[in-house]
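Take a look at the structure set out below.
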Amino acid sequence: MKNLIIDNIDSWKIKKKEKLIIAGPCSAESYEQVMETAEELSKFNVNVLRAGIWKPRTRPNSFEGVGEAGLGWLKEAGKRFNLPVTVEVANSGHIKEALDNEIDILWIGARTTVNPFTVQEIADSLKGIDIPVMIKNPVNPDIDLWIGAIERLNRAGITKIAAIHRGFSSFKQYEYRNVPEWELVVELRRRIPQIPIICDPSHICGNRELLSSVSQIAMDLLYDGLMIESHINPDVALSDSAQQLRPKDLKTLLDNLQFKKEYINDKKFYLEIENVREEIDKVDYKIIDLLAKRRELSETIGKKKKLKKVSIFQPERWNAIAESRISAGKKYNLSEEFMLKLFSKIHQESIGIQRK
Ligand code: PEP
Ligand code: MN
């Protein structure tokens with residue numbers, strides 16, 4: 001997707017060190033809450049102040065944001081503490097109010113990215129306006145829908161675009177509020193290498209405990225920044241109370257993060273890893289040889305089953321494969337999760353081959 005014209009985050013002209021750090025409450029609740037939170041956040045390396053003004057809530061009768069009044073508080077806090085400010089917009093009315101109140105950066109929430117009509121309405125309202133827009137992933141793990149939203153904004157002339165990864169809803173209960181599906185973001189970067197990517201660990205985790213490990217994974221995957229919810233007194237927050245951090249706890253989290261670089265200037269290091277990479281290449285080609293061998297066997301067994309009108313899928317055999325491969329992997333420190341994923345893929349492929 002080289003045709004997308006997306007600027008580097010440096011073009012946003014925001015003072016930052018290594019990464020873009022966006023922080024602030026889930027929702028603006030009161031003048032004092034916004035001011036006090038912003039003041040604390042401005043004392044360390046937070047680059048942008050965030051707050052939700054109009055809140056898309058799952059169920060009615062939840063706190064749905066303070067509305068336009070909050071824009072004034074946010075702007076005043078931004079000016080006083082020298083921080084650009086960002087809010088979520090979900091329709092053209094929000095955009096008008098945000099622009100009237102000189103909001104510096106906009107973001108599109110996960111519940112909006114899912115709807116192409118709404119995204120197009122937002123894109124149309126932004127024609128001719130030079131403002132950075134961050135686009136959260138849609139709630140469902142649909143990479144094309146996410147890319148579609150990025151394209152709609154880009155076609156409207158917005159070039160300061162970043163993607164925010166906030167995880168994906170699931171019916172099943174996981175340790176995460178929204179499952180990260182990191183590989184989907186790796187794929188987004190492969191398809192749009194020029195897009196800055198920001199991680200929102202708050203909405204991935206849904207609780208404070210997991211925030212630092214998820215933030216570190218994002219840094220290890222070379223994300224360009226973090227958006228983390230921070231509230232002066234999270235226990236009384238009107239939304240997302242369990243996942244918000246006090247500013248001082250956010251500072252500790254950031255101080256403990258290790259920032260990683262894709263390249264360093266160290267010839268000896270590259271010579272050393274080149275040797276290891278050669279070994280890895282050899283192993284990969286061996287794996288491909290083995291997969292080719294396995295493919296032949298799938299074809300053979302498929303023909304035999306067809307002849308005798310036996311079903312391709314054999315549940316008992318699959319259960320036995322999954323169990324035995326998982327326990328064989330355990331001996332070599334290969335995780336159960338990985339073994340199951342790997343052999344599910346191999347098994348699915350085999351079913352496909354046999355069907356042909
Ligand atoms: C938020 O950032 O507070 C928010 C509503 O997030 P999301 O769109 O990721 O649900
Ligand atoms: Mn929130």
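Whatever order the structure lists ligands and atoms in, that order sets their numbers, starting from 1.
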query = Would you say ligand 1 has an N or O under 3.5 Å from any N or O of K136?
reply = yes
For R50, the atoms of ligand 1 under 4.0 Å from one of its heavy atoms are 1 (C), 2 (O), 3 (O)
Q) N/O of G109 under 3.5 Å from N/O of ligand 1, yes or no? A) no
Smallest heavy-atom separation, W54 atom then L71 atom, equals CH2-CD1, 3.9 Å
Has the side chain of S298 got a donor or acceptor atom that lies under 3.5 Å from a matching backbone atom of R294? yes
The atoms of ligand 1 lying under 4.0 Å from a heavy atom of C26, numbered in the order shown, are 3 (O)
In ligand 1, the atoms that come under 4.0 Å of a heavy atom of R111 are 10 (O)
message: Check this for me, if you would: do K282 and E278 make a salt bridge, where the nitrogen-to-carboxylate-oxygen distance has to be below 4.0 angstrom?
response: no
Atom 8 (O) of ligand 1 has as its nearest protein heavy atom A110 N, 2.8 Å
Could you walk me through whether S350 and Q354 satisfy the side chain to side chain donor-acceptor pair (under 3.5 Å) test, starting with their C-alpha distance in whole Å, then the side-chain angles of each, then the deciding distance to 0.1 Å, before giving a yes or no?
CA-CA 6 Å; S350 172; Q354 294 180 57; 3.1 Å; yes
re atom 4 (C) of ligand 1, the protein heavy-atom contact at minimum distance is H203 NE2, 3.5 Å
Taken by chain and residue number, the protein N/O/S atoms under 2.8 Å from the Mn ion (ligand 2) read C26 SG, H203 NE2, E229 OE2, D240 OD2
Donor-acceptor pair, side chain of R50 and main chain of P25, under 3.5 angstrom:
yes
Taking both backbone and side-chain atoms of K55, is any N or O found less than 3.5 Å from an N or O belonging to ligand 1? yes
Quick check: does any side chain N or O of N140 sit under 3.5 Å from a backbone N or O of D142, one acting as donor and the other as acceptor? no
Discussion item. Check this for me, if you would: do K160 and D130 make a salt bridge, where the nitrogen-to-carboxylate-oxygen distance has to be below 4.0 angstrom?
Written reply: yes
Quick note on ligand 1: atoms under 4.0 Å from a heavy atom of W107 include exactly 2 (O)
Would you say N265 has more than 12 foreign heavy atoms packed within less than 6.0 Å of its CG?
no
Q) Hey, is D200 close enough to K136 for a salt bridge, meaning N to O under 4.0 Å? A) yes
Nearest non-hydrogen protein atom to atom 5 (C) of ligand 1, with distance, is E88 OE1, 3.6 Å
Between D289 and K293, is there a salt bridge with N-O shorter than 4.0 Å? no
At under 4.0 Å between heavy atoms, what of M227 touches ligand 1? The answer is neither
The closest protein heavy-atom partner of atom 9 (O) of ligand 1 is R166 NE, 2.6 Å
Show me the donor-acceptor pairs, under 3.5 Å and distance only, between side chains in residues 324-347 and residues at least two apart or in other chains.
unit_1: S324; atom_1: OG; unit_2: A320; atom_2: O; d: 2.8
unit_1: S324; atom_1: OG; unit_2: I321; atom_2: O; d: 3.1
unit_1: S327; atom_1: OG; unit_2: S324; atom_2: O; d: 3.3
unit_1: S335; atom_1: OG; unit_2: F338; atom_2: N; d: 3.1
unit_1: S344; atom_1: OG; unit_2: L340; atom_2: O; d: 2.6

**Asked** Between the main-chain N or O of M1 and the side-chain N or O of Q194, is there a donor-acceptor pair closer than 3.5 Å?
**Response** yes
